[in-house]
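Data block below; observations after.
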Amino acid sequence: MGRALVWDATCVDSLAASHLPSTSQKAAAAAESAQMLKRPKMFLLRQAVSNARQLAPSVRAMSSKGPLVDLTVDNDGVAIMTLQRPPVNSLNLDLLKEISKSLDDVAKNKSRGMILTSSSPTVFSAGLDIMEMYKPDMKRAEEFWTTLQDVWFKLYGSSFATAAAINGHAPAGGCLLSMSCEYRAMVGGKFTIGLNETALGIVAPKWFMDTMCRTISMRQAELALTTAKMFTVDEALKCELIDEIATDKADAINKCKTFLKKFEKIPPLARAITKLKMREEPIKNLQTSRQADVQEFLSFLKNPKVQQSLEMYIQALKQKAAK
Ligand SMILES: CCCC/C=C/CC(=O)SCCNC(=O)CCNC(=O)[C@H](O)C(C)(C)COP(=O)(O)OP(=O)(O)OC[C@H]1O[C@@H](n2cnc3c(N)ncnc32)[C@H](O)[C@@H]1OP(=O)(O)O
């Protein structure tokens, strides 16, 4: 007897009334949306397979371990994803690609949850690598932005539970990564966190803004976005941009683990579907406007005023670093 080759297929009617607004804007939008809805089910199936395999608990490296991202699973089955692109974990195309692949690995490896952190003792992530935006090759810039969108879809819309152990500064894209997780523990001290794009003369995309508006109040987000506010750790706690203050990185990771433990008694499918339903709107918004968002980014980069602002910002950073 042969074995079934197709065991769970979904056919979407891309001309259905509910799909028409998205499919008329973007090819395969209906399939993407169906895939999103199917993730929780796949997550549960993977977990069942994982339990059946009864993997010996031990600290082990996953296959995707690469130089820019370190991915390990601890004894409790929690994946720890460590960004390690010195000096400041600025998100260039290579790092984004590795984060994207590592997120796929976490999903495949049925971890209990994932904690995002950094190997730097002072910087969680300096955000997007400004050199990817300054006088860029447009083809690369397009791939860069598409990969950033992918990372956000995979992190913000992950079926697995996520937390960020923020062990240093987290400006702009660094703040976005942490806000895309479900919980944030930040190491106290002189570090800052926030979306400071306007200070660079650039505008945070709508999905960055949406992510912030779903983390802190709309009022606080509007003030923070327009004034390029970088929150101190105490301020971030007060407005709930972070959930807890930690004494050091180990404490931040422990606090994240305690958060992830809350899900031990919650049926995983119910948790995952609830999370995805809560996050559905901004995800759908970017899915339907994905191409337009890429074009907007590219036209920003073509704007001489934006290039001038970036040049001045790079010079200021270099002068500061040289002191
Ligand atoms: C057009 C629409 C797109 C809108 C979206 C944008 C989202 C973004 O993420 S934009 C990026 C915004 N990021 C920042 O403004 C952060 C800038 N960096 C800092 O504020 C500081 O570097 C830091 C607080 C993160 C760390 O300070 P620290 O004193 O430890 O390190 P530095 O001496 O400042 O930097 C060391 C080294 O790294 C370079 N660098 C810093 N940040 C970036 C970056 N984002 N991209 C590229 N390179 C960066 C800095 O110039 C230094 O380089 P040199 O050693 O070569 O001088």
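Just so you know, ligand 1 is whichever comes first in the structure, and atom 1 is the first atom listed for that ligand. For this chain, numbers begin at 1 and follow the sequence in order. Values in this document were obtained by computation on a predicted structure and should not be read as measured data.
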### Query
For ligand 1, what are the residues with a heavy-atom contact below 4.0 Å?
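Within the 4.0 Å shell of ligand 1, which is judged on heavy atoms, sit Pro87, Val88, Ser90, Val123, Ala126, Gly127, Leu128, Asp129, Ile130, Met133, Trp145, His169, Pro171, Ala172, Gly173, Asn196, Glu197, Leu200, Ile202, Val203, Phe208, Phe297, Phe300, Tyr313, Leu317, Lys318, Lys320, Ala321.
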
#### Entry: Exercise: identify the closest heavy-atom pair between Asp76 and Asp74
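Looks like N-OD1, 2.8 Å.
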
### Query
With clusters built from Ile, Leu, Val, Met, Phe, Trp and Tyr whose side-chain heavy atoms come within less than 4.5 Å, directly or transitively, what are the remaining members of the cluster of Met230, listed by chain and number?
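Members alongside Met230: none; it stands by itself.
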
### Residues that, via side-chain heavy atoms closer than 4.5 angstrom, fall in one hydrophobic cluster with Ile115
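Noted: Ile115 shares its cluster with Val78, Ile80, Tyr183, Ile253, Phe259, Leu260, Phe263, Ile266.
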
### Query
Does Leu176 share a hydrophobic cluster with Phe191, counting links as ILVMFWY side-chain heavy atoms below 4.5 Å and allowing steps through other members?
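Yes.
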
### Message
Do Trp152 and Thr211 pair up side chain to side chain, a donor and an acceptor below 3.5 Å, judged on atom types alone?
### Response
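There is such a pair between these side chains.
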
### Task
Applying side-chain contact (heavy atoms from CB on, under 4.5 Å), name anything that partners Ala170, two or more places apart in sequence or on another chain.
Phe124, Ile166, Ile193

